[in-house]
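Only one structure is covered here, and it is reproduced in the block below.
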Amino acid sequence: MIDQPAPFTPLSQVGEWGLIAKLQHIIGPPASPEVVQGIGDDAAVLDIGGPELLLVSTDLLIEGVHFDPTYCPLKYVGYKSIAVNASDIYAMNGTPLAVTVGLAVNEKYSIEAIEAIYTGIQLAAVEYGLSVIGGDTTAAPSGLQIAITVLGQVKKDQVVYRSGAQVNDLICISGDVGSAYAGFMILEREKQVFKTNPGIQPDVVPYEYVVQRQLRPEARKDVIELLAQLNIKPTAMIDLSDGLATAIHSIAHSSQIGAQIYQDRLPIDYQTIRVAEEFEAPATNFGLFGGEDYELLFTLAQADYDKISDHTLFSIIGFVSDVNTGVRLVQSDDTLIDLPLVGWEHFQSK
Ligand SMILES: [Mg+2]
């Protein structure tokens with residue numbers, strides 16, 4: 001009998017969402033009745049009794065994919081690994097409690113290097129009020145990989161999913177978008193300059209804000225606190241890890257709604273605009289498709305408009321529409337286009 005060759009479907013053919021759908025099919029619906037929300041949101045949600053729900057999320061940071069040690073200090077890598085996980089808990093309107101840290105390193109990393117990573121981890125742990133409660137460290141054949149699992153909690157009546165957006169809700173965003181991508185572009189450019197001319201020191205001072213947004217992002221703890229203070233519970237929420245366009249499509253998909261976003265309302269920092277000009281690219285593309293901003297995107301009942309309209313921390317960038325309209329962008333010249341579902345990875349290869 002001749003063995004049939006094993007089928008080989010490249011990951012690029014299905015993308016991250018397609019892969020998750022396939023894995024979800026294998027895993028099936030959650031077997032434990034305590035699981036309120038399994039795969040498909042910023043964190044899983046478990047009801048293990050008591051007034052609070054337990055939140056759980058995992059993120060990986062891989063050398064060469066999520067950070068480049070030639071320009072990213074290891075302390076910052078440690079900090080970022082915690083910040084991006086805390087961000088997923090805030091996206092559920094929750095509070096992070098604790099993390100476990102999995103660390104795999106090859107022999108090029110010294111004890112001092114690992115201490116630097118943990119110094120960053122601890123700095124972020126203090127910032128976000130969480131504890132490092134364990135983990136694992138192992139040798140790896142190449143580079144550095146960090147896997148963090150974060151645990152958080154949220155009061156039962158305060159949890160916010162991606163799936164709760166309603167037609168006519170406002171679409172809001174904290175902070176600004178595209179700056180982390182602008183920082184990435186600058187760091188990559190300076191790295192190339194340094195490679196060809198090691199005598200020239202990279203000059204990132206004029207780009208301090210965007211570079212810091214890339215190297216040391218903060219999770220928006222302050223946004224969750226302000227929303228609570230203002231007595232606002234968003235109808236849906238997600239954090240911006242893979243870009244604004246991907247986040248809006250995620251909420252649209254989970255909530256079975258459409259969305260209309262206004263190009264002129266995207267909060268883009270002047271430094272991001274300047275970098276986009278240097279690269280002869282539209283700043284709007286940085287804002288829509290650049291990843292890693294870790295801002296919070298949320299939808300809000302129109303009745304809550306007055307509560308947030310005075311706060312410069314938030315921008316209202318559009319509204320929720322019927323599912324049949326799809327996700328659309330109103331461009332500066334008032335023309336409407338479908339907002340493409342492309343994220344960080346796709347954009348990066350352009
Ligand atoms: Mg997330």
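Ligands are counted one by one from 1 in listed order, and the atoms in each one are counted from 1 as well. In what follows, residues are counted from 1 in the order of the sequence shown.
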- Message: Does either side chain, that of Tyr207 or that of Glu278, offer a donor lying less than 3.5 Å from an acceptor on the other one?
- Response: yes

- After noting the C-alpha distance and the side-chain angles of Gln166 and Thr235, does the key distance pass the side-chain hydrogen bond (donor to acceptor under 3.5 Å, both in side chains) rule? CA-CA 7 Å; Gln166 304 287 323; Thr235 52; over 6 Å; no

- By side-chain contact (heavy atoms from CB on, under 4.5 Å), which residues pair with Ser110, not counting sequence neighbours? Glu112, Ala113

- Task: Could you tell me how the ring of Tyr262 sits relative to the ring of Phe319: parallel (under 30°), tilted (30 to 60°) or perpendicular (over 60°)?
- Result: tilted

Could you list the donor-acceptor pairs under 3.5 angstrom formed by side chains in residues 28-48, with sequence neighbours left out?
unit_1: Gln37; atom_1: NE2; unit_2: Ile39; atom_2: O; d: 3.4
unit_1: Asp41; atom_1: OD2; unit_2: Arg162; atom_2: N; d: 2.9
unit_1: Asp42; atom_1: OD1; unit_2: Arg162; atom_2: NH2; d: 3.3
unit_1: Asp42; atom_1: OD2; unit_2: Arg162; atom_2: NE; d: 3.2
unit_1: Asp47; atom_1: OD1; unit_2: Gly49; atom_2: N; d: 3.1
unit_1: Asp47; atom_1: OD1; unit_2: Lys156; atom_2: NZ; d: 3.4
unit_1: Asp47; atom_1: OD2; unit_2: Lys156; atom_2: NZ; d: 3.4

- Note on the structure: Here the side chain to side chain donor-acceptor pair (under 3.5 Å) pairs for residues 120-148, sequence neighbours left out, are Tyr128-Glu218

- Query: Which residues and atoms, protein N, O or S only, are under 2.8 Å from the Mg ion (ligand 1)?
  - Reply: Asp42 OD1, Asp88 OD1, Asp239 OD1

